[in-house]
Chemist: 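Sharing a structure with you now.
Both counts, for ligands and for their atoms, begin at 1 and track the order of listing.
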Amino acid sequence: MERIAECHCGQLRAITSGEPESVYVCHCKACQRRTGAIIHNGSRWLKSQVRIEGEHKIYSRKGDSGSEIRFHFCPNCGSSVFWEGDRSPTTCGIAVGCFADPSFPAPTSSGYEESMHPWLGLPPDTAHFPQVYPGRAGIAIVAVPTVAD
Ligand SMILES: [Zn+2]
Ligand SMILES: [Zn+2]
């Protein structure tokens, strides 16, 4: 199925085909500041599933693994719509919020819960990770999942 993620003003779009490889949430402080939200909801796709339309600028930073992650944002309204990094050349991430679609699949893993806002609830089947988790493109598992209580 085709889905369209777009920025706040609508000029930058990511058009996807098929289903995402994974859907996850991240509670890390960098994601909180980047999105302005208390939680980041990401989806991982093969680049071959994604078509980009519109102008975008890049903010690049090193992830915890030390490799570069590039966030592509709209130069007009500033929304970060998608990202990709050196660790995983074949995949990219798209912000689930940019799809603005309540029927989008729920996250199955939750990373960086060490900085999670304590009042937040997650779906019952979510895998929990205190730090890095396998759903994030190109980043190795360094934390063992904790059992939800
Ligand atoms: Zn925009
Ligand atoms: Zn994060």
Chemist: Can a donor-acceptor pair be found between the side chains of Gln131 and Glu114 at a distance below 3.5 Å?
Modeler: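 Gln131 vs Glu114: donor-acceptor pair found between side chains.
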Chemist: With side chain to side chain contact (heavy atoms under 4.5 Å, CB included) as the criterion, how do Asp125 and Thr108 come out once you've worked through the C-alpha distance, each side chain's angles and the decisive distance to 0.1 Å?
Modeler: CA-CA 7 Å; Asp125 295 337; Thr108 55; over 6 Å; no
Chemist: Take the Zn ion (ligand 2) as the vertex and measure to SG of Cys26 and SG of Cys31; round to 10°.
Modeler: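 My answer is 120°, to the nearest 10°.
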Chemist: Give every protein N, O or S atom lying under 2.8 Å from the Zn ion (ligand 1), naming each by residue and atom.
Modeler: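 Under 2.8 Å from the Zn ion (ligand 1) - ignoring waters, which are not counted - the protein N, O or S atoms are Cys7 SG, Cys9 SG, Cys74 SG, Cys77 SG.
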Chemist: Could you report the tightest heavy-atom contact between Glu84 and Thr91, atom names first, then the distance?
Modeler: CB-O, 4.0 Å
Chemist: Under the salt bridge (charged side-chain N to carboxylate O under 4.0 Å, His left out) rule, what pairs show up with a residue in residues 7-18, not counting sequence neighbours?
Modeler: Glu6-Arg13, Arg13-Glu53
Chemist: Quick one: pull up CD in Gln49 and OG1 in Thr16 and give me the separation to the nearest 0.5 Å.
Modeler: 7.5 Å
Chemist: Are Leu46 and Ile4 connected into the same hydrophobic cluster when the rule is that any two of I, L, V, M, F, W, Y join if their side-chain heavy atoms are below 4.5 Å apart?
Modeler: no
